[in-house]
Amino acid sequence: MDFKLSNGSLEIIMNGGVYEKPVMQVLGSKKIQGSGANERYRLLVSDGKHSHSFAMLATQLNDKLITGELSDYSVVQIDRFVTSVLKSTGKGEKRVMIILDITILAPGTEVGKKIGNPQSWTEESASSAPAPSPIKPAPKPSQPSNNFPKPSAGSNLNSSLLGSQMTHPIASLSPYQNKWVIKARVMNKSAIRTWSNAKGEGKLFSMDLCDDSGEIRATAFRNECEKFYDMIQIDKVYYISRCQLKTANKQFSSLKNDYEMTFTSDTVVAECTEDISTVPSVKYDFLAISDIANKSPDTILDTIGVCRAASDLQELTAKSTGKLLKKREVTLVDQSGSAITLTLWGNEAENFDANTNPVIAVKGARLAEFNGSKSLSCLGSTMLRTNPDLPDAHRLRGWYDHGGASAELVNISARVGGSSGISGEWITFTEAEARKLGSGEKGDYYNLLGVLTFTFADNAVYKACPQEQCNKKLVDQENGLFRCEKCNREYPNYKYRLLLGANVSDPTGDQRITAFNEAAESMLGKSAEEIGRMSEYDKNAYSQLFDEVKFKTFVFKFRTKMETYSDEARLKTTVMSAQPVDYKDANARLIKSIKALSGIEV
DNA sequence: CCCCCCCC
C-alpha cells in the first residue's frame, strides 16, 4: 500500500508558515530528558522531502511511544502542533516543533520502510528555502488554523508590556522558554489562604486556567495575591504573561499539566473581552451517578446531579489536627436512578442553599469510601457550579421537575454494615430460622429477597438531635427550642431521621423489621428531610408514600439478634441495606438453585 | 513561598 506524505510541509512549518494537519513519517525517537512524569521524547520525522529531528512529543503523548503504538516508520497525521524558537548555545536560533495531537494512519510494521529519500533539514536550508518567511505566513487554508498562535488583534493591551502580539497554547508552556503570552479562561479560583510555618508566613490564592490546548494552575503569593485577587474572576478570559514555570507537584493538583505557574512581580494580566468564545470553558467528564459505584476510592471525578436534599451545616473537630471543620452533606440524584452524597466543606458548606433543588455540576471531587458505602468529597481543587448553562444540566432539570423528584433511587452512599456484602448468598426466613441466626452474642447478618408487606407510617420520621453523632429524638419544648436528653442541651434546629417499622415476607415466612435512616431512605426513595417536611406540610403525600412502597421487592441485608423485652425473647431484625432487585443477578441465582435441586451438575 | 483534602 502507498502512503502519501505531505511533501514539502516541513520547510513551510520550519519557516514559520501555516500547514494544516501534515502527514509525516516517524523515522526514529529518542528520550531526551527526565523520567516518569518528566519524560520527554524527540522524534525524527519526515515529510518525504525533508527529515527533521527536532520534533518534540508533548508529554501526554508519551504513552504512544512507550506502548510501541508509535513505532518507527509509522505514518501519522499531526493534528495539532506549535513551533517554538529556541536560542541554542551560540548557534543562533533553532525552531522546534511540539506535537500536541497525533493520529496514527498506519503502524510502522505495516509500512516497514522509509518513504522517499528525505534530506536532513538544517537551519541553512531555512534561509535558502523558497518557503514563506515567518513574517508573511503562507496563504491560509480555508479552515482557520489552530496550529499557530493567533495575533490577539485589537487587544486593549499595551503590546510592549506583553512583548508579543501572539498568544501561546498552554500546552506548549515550559520552564525552558519564558517569552509567551497565554489567552486563558479562569476555570476556578481559590479563596485567599494564609500560611505560617518555619519558613515564614504569607497569603496566597490559586487559580486554574485553560485554553483549547490544555490547562494549568497558577498561584499568586503575598503582593501578587493582593494585586490580582479581585481582578481575577471565574469564567473570564485573560491575557497572562511573565510568570514563573515550575514542575507541578502532582500530589496537590489533578490538572493535566506537568507544570504550574507562579505569578511574579513582572507578571502581566489583562482581561480579554474579544474573541473569547474560542477559549473553552470548564471541560467536564461527567460520570452517571450509577457508574460512580464501580469506581475505586480516591478516584477524582466529575459528575452532575440535582440536589435532592442537603443536611444542615455541621461543625466538627478533626481528630488528627484539632481543626474546627464545617461540613454539609448534599444528596445528588440523576437519571441513572441513583443518589450519592457529596460533602462540602468550609465556606462552600456554609453558603450552600438547597432550597430550590439546584443542579450541581462538580469537577474533580474525590470518591471516598466509609464502612462500605461510597460518597464524594470536595477538595480544595474541586469546582462546583450551581445551575450551569449546560445541556446536561437542562436535561436534569427537566427530568427532576417532571417526575424525577419522586423517582425511586438507589442511594450509593447508604450505609451498609457488617462484613459480607450484598453479593453473598441469599437465604429464606425458614433457612434463617433453621440456622438459628440471631441466637448468638454478636448478632448475625444475612441476605434475603423479600417483599415489604406492611409499613408502620405513624412516627416513621422524627426530629433528631442536630449533632452529627447523636441522632437522639428531641423533646419539643413548645417554645421554638428542642431538647436533647443525651447531649443535655437545647437546640433551635433539628434534623429529620427515619425509623421505619415494617413487615417483610418471602415465600417461606415473614418477619417484623426495623429500618433506620439510610436504609429507610433507600426503601422509600426519598430523603428523611423530604419525608419530614411531608409529614408536617403534606400529610396526604406522606401516607401515599408509605402506601406506595408496600409490595415492593428488595434485596435486604439484615442483621438479626435475639433480645429480651420484659422477660420475653424476641428476634430483633434490622435492615442494613435494601436494594432494588437486579433481575439478571436474581435469575442467575434461581437457575443455580434449580440446577442444584434437580441434580444437574453446574 | 501553599495545599497533604478533614467527620462518621
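In what follows, chains are A, B, ... by sequence order, proteins preceding strands, each numbered from 1. Small disclaimer: the values here were computed from a predicted structure and weren't measured.
Comment: A/Lys203 engages A/Glu226 in a salt bridge, judged by a side-chain N to carboxylate O separation of less than 4.0 angstrom.
Taking the side chain of A/Arg193 as heavy atoms from C-beta on, and the options B/dC3, B/dC1, B/dC5, the nearest nucleotide is B/dC3. Distances from the side chain of A/Phe252 to the nucleotides B/dC3, B/dC7, B/dC1 place B/dC3 closest. Residue A/Lys199 has its side chain nearest to B/dC2 when only B/dC2, B/dC4, B/dC7 are considered.
In this model, the phosphate group of B/dC8 is not approached by any side-chain N or O of A/Lys327 to a distance below 4.0 Å at OP1 or OP2. Proximity of A/Lys203 to the phosphate of B/dC1: no side-chain N or O atom is located under 4.0 Å from OP1 or OP2.
Pairs engaging residues 348-367 of chain A under the salt bridge (Lys or Arg N to Asp or Glu O under 4.0 Å) rule: A/Asp298-A/Arg366, A/Asp302-A/Lys363, A/Lys326-A/Glu350 [sequence neighbours left out].
Straight-line distance from the CG atom of A/Asn188 to the C1' atom of B/dC3: 14 Å, rounded to whole Å. Distance CG (A/Leu325) to P (B/dC4): 11 Å, rounded to an integer number of Å. A straight line from CG of A/Leu313 to P of B/dC7 spans 17 Å, rounded to a whole angstrom. Nucleotide B/dC5 holds its P atom 17 Å from the CG atom of A/Leu324, rounded to whole Å. For the pair A/Glu260 CD and B/dC1 C1', the interatomic distance rounds to 12 Å; values are reported in whole Å. Between A/Asn471 atom CG and B/dC7 atom P the separation is 18 Å, expressed in whole Å. Rounded to whole Å, the distance from NZ on A/Lys323 to P on B/dC6 is 11 Å. Whole-Å rounding puts the A/Leu342 CG to B/dC7 P distance at 17 Å.
Environment of NZ in A/Lys283: crowded, with over 12 heavy atoms of neighbouring residues, nucleotides or ligands closer than 6.0 Å.
The stacking criteria are not both satisfied for A/Trp195 over the base of B/dC2, which would need a centre-to-centre distance under 5.5 angstrom and an angle between ring planes under 30 degrees. Both thresholds, 5.5 Å between centres and 30° between ring planes, are met by A/Phe370 relative to the base of B/dC8, so the two rings are stacked.
At the heavy-atom level, A/Asn249 lies nowhere under 4.0 Å from the strands shown. Within the nucleic acid shown, A/Arg217 comes within 4.0 Å of at least one base atom, counting heavy atoms only. Residue A/Gly380 is in base contact, counting any heavy-atom pair closer than 4.0 Å across all strands shown. Backbone-only engagement by A/Arg366 is indicated by non-hydrogen atom pairs under 4.0 Å involving sugar-phosphate atoms exclusively. No contact: A/Glu224 has no heavy atom under 4.0 Å from any strand.
Taking CZ from A/Phe558 and CG from A/Leu437, the interatomic distance works out to 12.0 Å, rounded to the nearest 0.5 Å.
Ring geometry for A/Tyr542 versus A/Phe546: interplanar angle of 30 to 60°, hence tilted.
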